[in-house]
2 protein chains.
Amino acid sequence: MPTYVELGNDELAALKDRLEREHAEIKARGLSLNMARGKPAKAQLDLSMPLLETITTLEDCVSTDGTDCRNYGVVDGLPEAKALMASMLDDDPENVIVCGNASLNIMYDALARCWSFGTLGSTPWSKLETVRWICPVPGYDRHFGVTEAFGIEMIPVPMTDEGPDMGEVESIAAFDENVKGIWCVPKYSNPGGITYSDEVVRRLASMVCAADDFRIFWDNAYCVHHLFDDAAEQDQLLDIGHACVEAGNPDRYFKFASTSKVTFPGAGISALAASPANVVEIKKRMGVQTIGHDKLNQLRHVRFLKDAEGLAAHMAKHAAILRPKFELVNRKLEESLADVGGCSWSKPRGGYFVSFDAPESTAKRIVALAKEAGVTMTGAGATFPLKQDPRDSNIRIAPTLPPLEELDEAMDVFACCVKLAYAEHLLARRQA
Amino acid sequence: MPTYVELGNDELAALKDRLEREHAEIKARGLSLNMARGKPAKAQLDLSMPLLETITTLEDCVSTDGTDCRNYGVVDGLPEAKALMASMLDDDPENVIVCGNASLNIMYDALARCWSFGTLGSTPWSKLETVRWICPVPGYDRHFGVTEAFGIEMIPVPMTDEGPDMGEVESIAAFDENVKGIWCVPKYSNPGGITYSDEVVRRLASMVCAADDFRIFWDNAYCVHHLFDDAAEQDQLLDIGHACVEAGNPDRYFKFASTSKVTFPGAGISALAASPANVVEIKKRMGVQTIGHDKLNQLRHVRFLKDAEGLAAHMAKHAAILRPKFELVNRKLEESLADVGGCSWSKPRGGYFVSFDAPESTAKRIVALAKEAGVTMTGAGATFPLKQDPRDSNIRIAPTLPPLEELDEAMDVFACCVKLAYAEHLLARRQA
């Protein structure tokens with residue numbers, strides 16, 4: 001079969017007519033399917049129901065060090081919660097601070113602290129004319145939302161198969177002291193599913209930064225979120241903390257993780273890890289902001305997940321639910337789009353997304369067509385700062401929430417929309 | 001009996017010797033008692049144990065509007081949680097945002113938002129040379145800690161029996177556009193136990209402010225924390241929201257409350273209420289910071305406390321535990337200090353503290369003597385900005401944590417230390 005660009009005008013016009021009829025038929029079905037956000041499915045949430053029964057008696061409320069977790073105190077988290085989260089953060093418990101239910105919140109707060117107070121003695125970023133930030137693209141829309149809220153100028157840098165294009169990153173960081181940080185989802189990245197190579201991690205840790213207070217915001221959101229049980233099929237990530245210490249830049253990173261996609265997104269626990277100097281400063285400032293985070297919920301997580309081994313066993317249950325969904329997405333795309341041309345997509349081994357690159361200038365139209373047909377996708381452009389995808393090409397597919405049968409149907413709709421938008425686009429271009 | 005100032009030098013010296021021996025005897029007992037912080041006692045925490053069993057099944061996890069509270073979303077809180085917290089905040093549910101476990105955190109965040117972004121279009125406070133803040137004294141040390149952290153210049157204003165001295169407050173607010181706010185604990189204040197009079201509330205709402213973005217931080221921490229069940233013995237507070245609307249300054253206030261001293265300080269829920277315009281802005285900015293607070297814990301609170309009536313019934317159980325402690329403190333002070341002179345203290349009808357005014361220049365010494373004798377008090381000066389009590393007189397007594405028998409012993413120690421410090425001070429002054 002010829003690809004769409006190889007078709008003659010008449011063939012393409014006929015194809016477009018056929019796809020329009022198909023799209024109209026789908027619309028008539030009145031579907032309401034959602035592939036917009038990286039939300040766990042109900043079946044995944046059900047895996048953690050026993051967590052809710054772990055803390056009910058007086059005895060349950062006491063931590064290993066004898067703290068009555070119902071009362072005030074312990075700003076940096078319970079010892080056993082630090083140990084659990086340290087296993088996710090690939091760090092020592094003493095470098096970990098356990099917080100509330102959302103890692104987004106602790107990333108925002110980490111940036112807000114640098115904004116208002118500076119960090120380790122640096123000038124508060126709010127006092128600077130301009131603050132700039134490196135944003136690997138495609139990336140996570142909520143990251144970009146945080147830097148946008150603070151009026152920070154975002155510099156997009158393309159992702160490669162090994163992480164952000166380090167040549168670009170290095171040249172941006174080295175010559176501009178207003179460049180203060182970089183967003184990273186280093187493992188099973190959102191949306192590309194890329195895990196940073198050891199070389200990329202080492203170059204981030206060792207690169208020359210014009211700003212002494214440059215910070216890598218290391219959002220290890222998918223650290224234990226493999227799709228495959230076999231270790232050989234799981235991505236491995238070099239720890240940024242060790243790499244920074246080795247490179248002589250021990251304070252350059254803030255690491256973040258949470259149990260949002262382990263237990264309950266609405267009621268998990270989150271944590272950060274940083275260098276001893278950073279931890280001292282963060283604890284001091286956090287102690288002004290709060291007397292302590294929810295310790296009973298920390299206990300629930302420890303009693304339910306126990307340790308790294310318990311966590312891995314639990315994540316394997318998630319993988320069993322998610323793997324068929326990712327396989328389905330890939331199979332449907334291969335079946336529907338093999339002969340279309342101009343499309344490519346990721347085949348991740350973990351995380352929550354498939355990154356789909358549509359033919360240039362069609363992404364917005366595809367998402368709009370899908371919406372009309374009853375399938376909500378993440379907004380086109382969302383994976384870029386200020387929602388501006390210069391190629392209008394990238395679409396994030398979030399296959400985790402719908403049950404398999406709904407996902408199957410949604411992918412059919414999506415494929416129809418991709419083909420229709422591409423046919424429309426090619427015809428319009430030829431007529432122009 | 002003559003008071004201490006009326007004693008001759010020899011009598012006073014003999015008294016001091018006797019008190020020193022008494023103090024030494026107490027030290028030898030190796031006590032370890034704590035009246036430092038406003039922490040609920042174990043017996044109070046036990047009242048809320050059924051809360052931990054309210055959310056265990058799948059059905060339990062669904063809110064009235066059908067939300068699966070285990071998953072992401074609902075940045076401003078569940079409808080039923082808004083209704084419950086609205087009853088504490090004396091407001092309509094639509095003006096309420098329900099947050100995480102700590103009202104201190106939402107006060108800090110409210111100030112941090114004004115700092116980084118301004119409010120309702122005003123210049124971000126971080127961009128100003130100087131920001132000033134009105135601090136009624138004695139007041140809550142953690143409030144002062146927040147403004148101190150942001151480098152805000154704090155202007156102490158004395159408390160009267162009806163709230164802050166409004167003549168002073170008005171003259172400070174009216175002529176300095178850098179004065180951006182005031183800390184208020186308007187009911188059963190920390191530490192004085194004062195409830196603001198209707199006139200004070202109305203003057204705060206209607207006063208001329210040089211700054212358009214002046215904000216009253218209304219920390220209604222003890223809104224339902226009466227010591228007496230009879231309504232005639234409970235303080236009533238005029239709602240600042242209505243007063244601000246009536247005065248034509250509808251956006252001037254942020255109200256805060258939490259269940260920290262209702263259920264569990266370590267695992268409660270908090271909420272703020274504000275004008276519709278403020279709520280719109282806060283939700284927008286909060287939506288960048290988090291996808292949502294812990295909804296399962298919101299549900300636990302609603303299922304356990306139910307409504308305003310359930311809340312009042314629950315608070316009556318707290319009162320039954322607390323009332324004898326406050327009565328004991330007052331009785332011990334009356335018995336021990338009646339003939340000493342120079343001392344006064346509050347007799348609050350609610351809240352968590354007794355405010356003790358020692359003879360001038362003795363508070364630090366009293367707290368140090370108590371510490372030596374094994375009784376930890378709130379640091380002297382803590383009730384003033386930068387911990388500087390110009391008279392070195394005010395000491396916050398927090399009688400809630402120790403069981404009655406320990407409190408009895410601790411108050412004996414405290415009284416001995418007050419008497420010894422006063423005797424020392426008078427003798428030193430006479431010798432000078």
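What you are looking at is a predicted structure, and each value in this text was computed from that prediction instead of being measured. A, B, ... follow the sequence lines: proteins, then strands. Residue 1 opens every chain.
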Practice task
Go through the atoms of B:Leu401 and report whether side chain, backbone, both or neither lie under 4.5 Å from a heavy atom of chain A.
Solution key: side chain
Exercise for the section: Against chain A, label B:Tyr108 side chain, backbone, both or neither, depending on which of its atoms sit under 4.5 Å from a heavy atom there. Expected result: side chain
Handout entry: Top contributor to chain A interface from B:Met107, B:Lys295, B:Lys261, B:Arg37 [non-hydrogen pairs under 4.5 Å]
Key = B:Lys261
Handout entry: Test item: B:Lys127 side-chain N/O and A:Ser126 main-chain N/O as donor-acceptor pair under 3.5 Å
Key = yes
Handout entry: Separation of B:Asp109 CG from A:Asp109 CG (nearest 0.5 Å)
Key = 5.5 Å
Handout entry: Minimum side-chain heavy-atom gap B:Arg70-A:Met49 below 4.5 Å
Key = yes
Practice task
Find out whether B:Phe264 and A:Cys61 are in side-chain contact, i.e. whether some heavy atom of one side chain is under 4.5 Å from a heavy atom of the other.
Solution key: no
Practice task
State, to 0.1 Å, how close B:Gly38 and A:Tyr72 come at their nearest heavy-atom pair, and which atoms those are.
Solution key: O-CE1, 3.6 Å
Practice task
For the residue pair B:Val146 and A:Gln289, establish whether any side-chain heavy-atom pair is separated by less than 4.5 Å.
Solution key: no
Problem - Proximal component of B:Phe150, with respect to chain A [non-hydrogen, under 4.5 Å] - result: both
Exercise for the section: Name the option with the most non-hydrogen atom pairs under 4.5 Å to chain B; the candidates are A:Thr290, A:Asn105, A:Asn297, A:Ile55. Expected result: A:Asn105
Practice task
Sort B:Asp294 into side chain, backbone, both or neither according to what part of it lies under 4.5 angstrom from a heavy atom of chain A.
Solution key: both
Practice task
Check each atom of B:Ser103 against the heavy atoms of chain A and say whether the ones under 4.5 Å are side chain, backbone, both or neither.
Solution key: neither
Completion exercise
Looking only at B:Arg285, B:Gln298, B:Arg142, the option with the highest number of non-hydrogen pairs under 4.5 Å against chain A is B:Arg142
Handout entry: Heavy-atom proximity to chain A below 4.5 Å, by part of B:Asn71
Key = both
Handout entry: Heavy-atom check, side chain of B:Leu296 versus side chain of A:Leu52, under 4.5 Å
Key = yes
Exercise for the section: Mind ranking B:Asp68, B:Leu51, B:Thr263, B:Asp46 by heavy-atom pairs under 4.5 Å with chain A and telling me who comes out on top? Expected result: B:Asp46
Practice task
Heavy-atom pairs under 4.5 Å with chain A are the metric here; pick the option from B:Ala149, B:Gly268, B:Ala112 that has the most.
Solution key: B:Ala149
Exercise for the section: Report the option among A:Gly266, A:Gly287, A:Gly100 that has the most heavy-atom pairs separated by less than 4.5 Å from atoms of chain B. Expected result: A:Gly266
Exercise for the section: Measure distances from B:Asp60 to the heavy atoms of chain A and classify the residue's part below 4.5 Å as side chain, backbone, both or neither. Expected result: neither
Practice task
Name the member of A:Gly292, A:Ser116, A:Gly145 that forms the most heavy-atom pairs with chain B at distances under 4.5 Å.
Solution key: A:Ser116
Practice task
Tell me, for B:Lys284 versus chain A, whether the close heavy atoms (under 4.5 Å) come from the side chain, the backbone, both or neither.
Solution key: neither
